[in-house]
There are 2 protein chains.
Amino acid sequence: MSTHGGQKARYQYDACCYCELARVCLPSGFFNPELKDITRLIDHYYLLQAGEKICFSGEKFRYLYAIKSGSAKEITVSIKGNEQVADFYLPGEIVGLDAISTGKYSYDAIALESTTVCIIPFSLLLMLAVKMPQLQRRLVDLISQKLLDRTRALMSHHYSAEQRLAAFLSNMGDRYKYIGLSAKNYYLSMSRYDIGSYLNLTPETVSRLFSKFQDEGILIVHKKHIQLVNPSQLVSRSYHPH
Amino acid sequence: MSTHGGQKARYQYDACCYCELARVCLPSGFFNPELKDITRLIDHYYLLQAGEKICFSGEKFRYLYAIKSGSAKEITVSIKGNEQVADFYLPGEIVGLDAISTGKYSYDAIALESTTVCIIPFSLLLMLAVKMPQLQRRLVDLISQKLLDRTRALMSHHYSAEQRLAAFLSNMGDRYKYIGLSAKNYYLSMSRYDIGSYLNLTPETVSRLFSKFQDEGILIVHKKHIQLVNPSQLVSRSYHPH
DNA sequence: CGAGAAATTGATAAGGGTCAAACACAGTGG
DNA sequence: CCACTGTGTTTGACCCTTATCAATTTCTCG
C-alpha cells in the first residue's frame, strides 16, 4: 500500500480478471486478451471511509471511478449552499461520466460507507478506445445508459411521493440483484435525508412512508436494513417505469 | 425531393459546409477536410410539419437526428397513457443520444412547428469515429453534455414553480442566443401545456406565472412570443444553476 | 363564420413541507 | 459502567404551494 495526496488510501490494483464485478462494470462483455488491455488501464484503487470524497466539484476531470465495493452519493451544492443528492452509486457503477464534456467534475461524490473505487485514467481509456472499437462502443453505451437513467429519474418527479419511494426501493432491489445480492433483503447505506433529497422529499415524508409501507405489510424496516415482504405490492405502488 | 415511408418529406442533403449551424451542431470544431467526411455521413434530411414524429418510442435506433430548423419535443408516454415532456430541441441539437445503449428510442420526438432534421446514420458515424479520434471524442462529449443537462434539469425540481419557470425562460434565451438569435425576444413554439409538463407544473400554474411576471414588468407575453424586458430580474427569480 | 382547442382566471382542496418535540443510537469522556 | 452530547429518525400539528375543478375568453383553422 501507498498513500497519495495525504488523504485517500491508495492500493496497487490486481486485475479486472479477478474481480467478480467485471461482468457488469466497465469491462462488461470483454474477455482476454482485450480484458487484459483494459485491466492495464487501472493501476491503483482507493479505499475510502464513509464521508470521504471520491472527487469534488470543480476538480479537474482526469479519472473515471468504478465502485469496487461499498457505495457513494453524488451531490451538487447550489449557490445557496444546500446539498442535493443527484445519484447513488453501487458496486460496478461508474462515477464521472458527465464530467467528460466540461473537463471538470460538477459535483462531489462521497463514500457512504467503507468503499473501494478503481481509478480509470480517462485519457488512457480514450487512447485505448481508438485502437479498440468495441471499447469505444462500450464507453458510448455507458454514457448513453446513464443518460437514459437520468431521464427516467427526471420523469419520476411527475408522480406522488409514495410512488417515487416505492419505485426507488424496487429499483434498489433490482440493482442489488444485478450484482449478485438479494433483491428482497438489502442494506441502504444512505440516510433518510439523502433518500429524501434524491427523491425531492423531506426526510420526514420519507420516514412516514417507510412507516406506512411497514404498517401495510409491504416491507420491514430495521434502521437501514430493508426487507421486502411483498415486492409485487411495492411495484404496484410505484409508478411503472416502462 | 423524394418521399420515404409514405409520410415524412425527405430531401437530398447539401452539406454541413453550407449550414450556419455547423459551428454548434455535430461537426462543431471540425474543418475541412474532416468536415467533408462528416458531411458525407448525411445523405438526406426530413421536412416535418408540426405534430409529425421524428422518431417514436420502441422504434429501432438507426439514426441520430440533428435539428436543422424549427424545434421538437421529446415525450415519454407512461403506462397509464399520459404524456410527459422530457426535453425540447432547438436547431443544432441532437435527438436520439439516449437510444444508443438500448438500440431503440425510448420516447417520441415530435416537431413543434415546421421543422427540418438531418438524418445521421449511427453505424456510419461510429465507423467514421474509429478512423477519426476527434470524432469519437466529439460523440462522447455530446452525450456527456446531454447527461450534464439532464442532471441540471433533475436538480431544478428542488425549486419552486416560479424559480423553475424563470430558469426555463432564461435558459431558452441563452439557447437562442447560442444559435445566433435574440436572447430577449423569442418565439416559444411549445404550448403552455408542454411547458408545464416539462417543468412538472399544470398549464394553469404556468399561465398564472406568465401573468405574474408580466404584471411585475419582467417580461411581455404575447401568445407564444416572449420579450424579456428585465432579464437580470428573471435570473434573480430563478434558482441559480451554477 | 363556427367549432374545438388552448389559454386565462377564479375558487377550493390536498399533498407534502415546515416547525416542533420526543426518541434512538453511537461515540466520548469521566 | 454510565451520563453526556450530537446526529439521525420518527411522529404530530399546522400551513403553504400548487393541483384540481370550473367558467370564460381567446385563438386556430377548416
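Note that the structure is a prediction, hence the values are computed from the model and not measured. Every chain is numbered from 1, with letters handed out A, B, ... down the list of sequences.
A:Lys212 places its NZ atom 12 Å from the C1' atom of C:dG16, with the value rounded to the nearest Å. D:dC27 atom P lies 15 Å from atom NE2 of B:His225, rounded to whole Å. Remark: P of C:dG16 and CG of B:Asn200 are 11 Å apart, rounded to the nearest angstrom. Distance CZ (A:Arg192) to P (C:dA24): 15 Å, rounded to an integer number of Å. We find that CD of B:Glu204 is positioned 18 Å from P of D:dT17, with the value rounded to whole Å. Following rounding to the nearest Å, A:Tyr193 (OH) and C:dG17 (C1') show an atom-to-atom distance of 13 Å. Whole-Å rounding puts the A:Leu165 CG to C:dG16 P distance at 11 Å. One interatomic measurement links the two molecules: CG of A:Asp194 to C1' of D:dT9, which rounds to 13 Å at whole-angstrom precision.
Phosphate contact (OP1/OP2 of D:dT28, side-chain N/O of B:Lys223, threshold under 4.0 Å): present. Of the side-chain N and O atoms in A:Ser211, none sit less than 4.0 angstrom from OP1 or OP2 of D:dT10.
Contact annotation for B:Phe210: no contact, since no heavy-atom pair falls under 4.0 Å across all strands.
Geometrically, B:Lys73 does not engage B:Phe88 in a cation-pi contact defined by less than 6.0 Å to the ring centre and at most 45° from the axis.
Closest approach to the A:Ser207 side chain among C:dT8, C:dG16, D:dT10 is made by D:dT10 (side chain taken as heavy atoms from C-beta onward). Nearest to the side chain of A:Arg208, among D:dT18, D:dA13, C:dG16, sits D:dA13. For A:Lys224, counting side-chain heavy atoms from C-beta on, the closest listed nucleotide (D:dT18, D:dT9, C:dG16) is D:dT9. Considering only side-chain atoms of A:Thr202, the nucleotide from D:dT20, D:dG12, C:dG17 that sits closest is C:dG17.
Summary of the strand contacts: B:Ser191 and A:His222 both lie near DNA chain C, and taking for each the nucleotide with the nearest heavy atom, the more 5' one is attributed to B:Ser191.
B:Tyr107 and B:Asp98 share a side-chain donor-acceptor pair at under 3.5 Å. A:Ser189 and A:Ser71 are linked by a side-chain donor-acceptor pair at a separation below 3.5 angstrom, with hydrogens and angles left out of the test.
Distance CZ/B:Arg192 to OG/B:Ser197: 15.0 Å, rounded to 0.5 Å. Distance check: A:Tyr187 OH to A:Ser182 OG gives 16.0 Å after rounding to the nearest 0.5 Å.
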